[in-house]
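Worksheet: the structure to be examined is printed underneath.
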Protein chains: 2
Amino acid sequence: MFKLNKMTDYAIVCICILSKKMDRFINAQEISHEAGISLATVQKIMKLIVSKSDFITALRGSSGGYKLTKKANEISIINIIEMMDGPVCITDCVDGNHERCSSSENCFLEGNWNNINMIIRNTLQSYSIADLMCSDPISYLYKNHSNEDEFNKMELS
Amino acid sequence: MFKLNKMTDYAIVCICILSKKMDRFINAQEISHEAGISLATVQKIMKLIVSKSDFITALRGSSGGYKLTKKANEISIINIIEMMDGPVCITDCVDGNHERCSSSENCFLEGNWNNINMIIRNTLQSYSIADLMCSDPISYLYKNHSNEDEFNKMELS
DNA sequence: TTTAAAGAGTACTAAAAAAGTACTATATAA
DNA sequence: TTATATAGTACTTTTTTAGTACTCTTTAAA
């Protein structure tokens with residue numbers, strides 16, 4: 001299944017939660033509770049985000065936690081995706097990789113994968129955290145069941 | 001890294017190779033040679049493709065092999081991707097998954113992930129095998145080095 | 001009719017990646 | 001000074017992906 005990995009997905013959820021309460025520091029426990037993600041995992045993700053991003057401040061000690069320094073509409077989801085996952089390259093035949101393959105002179109698919117990749121990347125770039133959250137929030141719990149079973153049933157019928 | 005898995009990538013390469021020679025059956029060994037992918041892996045992929053797609057014919061015995069029954073411009077790459085990988089759902093909060101999560105009433109990101117997912121899916125749908133191959137082929141060898149190292153260097157600088 | 005060559009099907013193994021856990025160090029506010 | 005929170009690191013487990021091996025079936029040509 002062509003999808004973002006869970007940690008990236010979690011990271012986006014965590015940042016969404018922070019973006020709702022920019023007036024104070026939110027600690028990992030509170031994020032864990034709101035997101036429905038285990039504390040240990042939230043801690044791991046938040047450490048990673050802080051070390052890699054420029055839009056979050058962490059504070060230690062009691063009444064510490066995390067706070068965004070940019071507004072939700074200033075944070076593109078591509079930032080979070082590439083921070084967690086590395087570059088968006090849907091195949092190896094993509095990107096500013098100008099060095100030639102040792103086993104081939106050139107790749108006959110390279111140029112066109114680049115086009116497709118660019119469109120996908122632009123799509124992700126054009127959405128901010130604010131865009132993702134624009135509908136009415138009913139619950140912040142992370143939805144973690146898969147669509148795969150349903151798809152497989154469809155295939156058979 | 002947000003990317004298609006290798007088998008899907010290989011499958012597209014194999015089908016591209018078949019699309020260049022629609023007049024006769026091409027066997028797995030020939031595909032393996034042209035694609036630079038091991039024979040065993042090509043065999044595995046081709047078996048999968050035949051069992052799941054409606055645009056390829058297989059013939060056993062000597063002078064057997066595989067042949068496309070549709071032209072390259074009639075095969076969308078989304079067909080191959082979803083055949084190999086299942087549905088394109090960049091997060092779990094996506095798709096015609098109308099059943100509610102057991103742990104939450106609703107997902108506050110669901111609707112907007114659906115939009116993003118749809119755009120990505122449409123992009124992939126709009127490209128055919130012919131589109132992927134439209135530039136001059138220099139070599140059919142599969143390019144399998146990664147961009148990740150180069151990206152990591154960029155990050156540090 | 002026999003034989004060699006090809007794909008089909010299945011099960012297994014190995015490798016890689018992802019996810020989760022645990023522990024120590026450091027900083028901060030009360 | 002103490003309790004609380006993040007930072008850093010290493011490790012383990014689980015899951016997914018990739019690759020291999022073997023037997024069965026079909027087909028065309030000798």
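All heavy atoms count here, side chains included; hydrogens, waters and symmetry mates do not. Just so it is clear: chains get the letters A, B, ... in the order the sequence lines come, proteins before strands, and each one is counted from 1. Keep in mind that what you see is a predicted model, and the values were worked out from it rather than measured.
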task: In whole angstrom, give the distance that lies between atom CG of B:L4 and atom C1' of C:dA17.
output: 17 Å
- line: Taken to the nearest whole Å, CG/B:L39 to P/D:dA21 is 12 Å
query: How would you label the contact of B:F25 with the nucleic acid (heavy atoms, under 4.0 Å): base, sugar-phosphate, or nothing?
result: nothing
query: So, does B:S53 use its side chain to make a donor-acceptor pair with the main chain of B:I49 at under 3.5 Å?
result: yes
- prompt: Of the nucleotides C:dA19, C:dG7, D:dG19, which one has an atom closest to the side chain of A:K44?
  reply: C:dA19
- request: Select one nucleotide: of C:dA18, D:dT17, C:dT26, the one nearest the side-chain heavy atoms of A:R60.
  value: C:dT26
query: Over how many whole Å does the gap from A:N5 atom CG to C:dA16 atom P extend?
result: 19 Å
- prompt: Choosing from D:dA28, C:dA29, D:dA7, which nucleotide comes nearest the side chain of A:V50?
  reply: D:dA7
- request: Round to a whole Å and report the spacing from CZ of A:F2 to C1' of D:dT17.
  value: 16 Å
Between P of C:dA18 and OH of A:Y10, the distance in whole Å: 14 Å
field: Salt-bridge present (B:E82, B:K52; N to O < 4.0 Å)
entry: no
query: Between B:K3 (NZ) and D:dT16 (P), how many Å, whole number?
result: 18 Å
Nearest-angstrom distance from the residue atom CZ of B:R24 to P of D:dA28: 16 Å
message: Starting the side chain at C-beta, find the nucleotide from C:dA30, D:dT27, C:dA6 nearest to B:N27.
response: C:dA6
- prompt: Taking the nucleotide of DNA chain D with the closest heavy atom to each, which residue, A:A58 or A:S62, is nearer the 5' end?
  reply: A:S62
task: Find out whether A:F2 and B:N5 are in side-chain contact, i.e. whether some heavy atom of one side chain is under 4.5 Å from a heavy atom of the other.
output: no
- prompt: Considering only side-chain heavy atoms of A:A40, which listed nucleotide, C:dT21, D:dA28, D:dA18, is closest?
  reply: C:dT21
- prompt: Are side-chain heavy atoms of A:I129 and A:N73 found at a separation under 4.5 Å?
  reply: no
- prompt: Ignoring hydrogens and angles, does a donor from either the side chain of B:K47 or the base of C:dG7 sit under 3.5 Å from an acceptor on the other?
  reply: no
- request: Find which nucleotide of DNA chain C each of B:Y66 and A:S63 is nearest to by heavy atoms, and output the residue with the more 5' nucleotide.
  value: B:Y66
query: Between C:dG9 atom C1' and B:M46 atom CE, what is the distance in whole Å?
result: 16 Å
statement: Tested for side-chain hydrogen bond (donor to acceptor under 3.5 Å, both in side chains) against B:E34, the lone hit among B:K20, B:K21, B:Q29 is B:K21
- request: Please figure out whether A:Q43 or A:M7 has its closest DNA chain C nucleotide nearer the 5' end.
  value: A:M7
